Amino acid sequence: MRTVYICSPYRAKDSAELDRHIDYAQQLTRQALEAGLAPITPHLYMTQCLNEDKPQERSIGMTAGLELMKSCAFVIAGVKYGISEGMKREMETAAALHIPVINAAQLAFELEYEQRSAERLANDYAKLYACHFCRGRYLHTCTGYSCVEPYQRAYEAALRKYSRKNE
């Protein structure tokens with residue numbers, strides 16, 4: 001599982017807006033889990049023990065969240081309700097760390113594109129290096145001159161390699 005950082009608004013003018021932001025962050029976290037990702041959503045749990053209205057505590061929470069981001073494959077930005085000051089800082093930090101930022105609405109498309117790219121790379125690799133995965137390569141018998149099995153082993157090895165590339 002790849003670890004991802006969930007970035008969405010938290011601060012609000014009133015309790016109804018705060019509830020909406022919390023629900024949205026939970027939806028994004030669930031979306032990431034259902035996509036097979038391991039999401040980190042710091043504003044859902046750090047705000048439970050830190051007071052968002054105290055600048056020093058907010059700063060501690062933001063700093064801790066940005067530190068967690070460093071271990072993530074990419075950032076999922078939930079921009080449905082706009083981009084808050086905290087989100088802007090998170091996205092700028094991600095850019096400085098060369099961590100991709102993906103719009104939450106595009107997550108499924110992005111993951112599908114990654115998978116297809118990995119499959120293409122694995123196919124190309126297997127075509128070139130299937131003989132390296134052949135049990136009979138030293139005797140030049142290549143499993144009865146059928147390259148299906150070595151190709152499949154090469155493809156699977158390459159797919160594991162390319163699928164984990166962004167972890």
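All residue numbers in this chain count up from 1 along the given sequence. Not measured: the values here are computed from a predicted model.
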Looking at [X] and [Y], would you say the former's side chain and the latter's main chain have a donor-acceptor pair under 3.5 Å?
X	Y	answer
E17	K13	yes
R11	E52	yes
Q31	A104	yes
T63	S59	yes

Counting heavy atoms not belonging to F109, are there more than 12 under 6.0 Å from its CZ?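 At most 12 heavy atoms, drawn from other residues, nucleotides or ligands, come within 6.0 Å of this atom.
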Trace of the side chain to side chain donor-acceptor pair (under 3.5 Å) decision for D124 with Y155: CA-CA 8 Å; D124 292 345; Y155 178 83; over 6 Å; no
Locate the shortest heavy-atom distance separating [X] from [Y]; write the atom from each residue and the value.
X	Y	answer
I99	K70	CD1-CA, 4.3 Å
Y151	A126	CE1-CB, 3.2 Å
G36	M1	O-CG, 3.4 Å

[Y] side chain reached by [X] side chain, heavy atoms, under 4.5 Å:
X	Y	result
V4	M69	no
E119	E114	no
L111	Q115	no
Y10	I22	yes

So if you build clusters from Ile, Leu, Val, Met, Phe, Trp, Tyr with side-chain heavy-atom gaps below 4.5 Å, do [X] and [Y] land together?
X	Y	result
Y113	L121	no
I60	M62	no
L44	I6	no

Going by atom types alone, do T41 and T29 pair a side-chain donor with an acceptor below 3.5 Å?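 Yes.
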Checking H21 against S8: is there a side-chain donor and acceptor pair closer than 3.5 Å?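 Their side chains do not contain a donor-acceptor pair, so the 3.5 Å distance test is not met.
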With Q152, which residues qualify under side chain to side chain donor-acceptor pair (under 3.5 Å), at least two apart?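 Counting only residues at least two positions away or on another chain, Q152 forms a side chain to side chain donor-acceptor pair (under 3.5 Å) with E156.
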Identify, with sequence neighbours excluded, every residue that meets side chain to side chain donor-acceptor pair (under 3.5 Å) alongside E57.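 Per chain and number, E57 pairs via side chain to side chain donor-acceptor pair (under 3.5 Å) with no residue.
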In Å and rounded to the nearest 0.5 Å, what is the CG to CE distance from L50 to M46?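 These two atoms lie 7.5 Å from each other.
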Measuring from S117:OG to E112:CD, what's the distance to the nearest 0.5 Å?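 The OG atom of S117 sits 10.5 Å away from the CD atom of E112.
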May I have the list of side-chain donor-acceptor pairs in residues 73-96 shorter than 3.5 Å, sequence neighbours left out?
from	atom 1	to	atom 2	distance (Å)
S84	OG	M87	N	3.2
E90	OE2	Y5	OH	2.6
T93	OG1	R89	O	2.9

For the pair E34 and R30, evaluate side-chain contact (heavy atoms from CB on, under 4.5 Å) and give the outcome as yes or no after the intermediate values. CA-CA 6 Å; E34 289 173 349; R30 181 178 191 85; 3.1 Å; yes
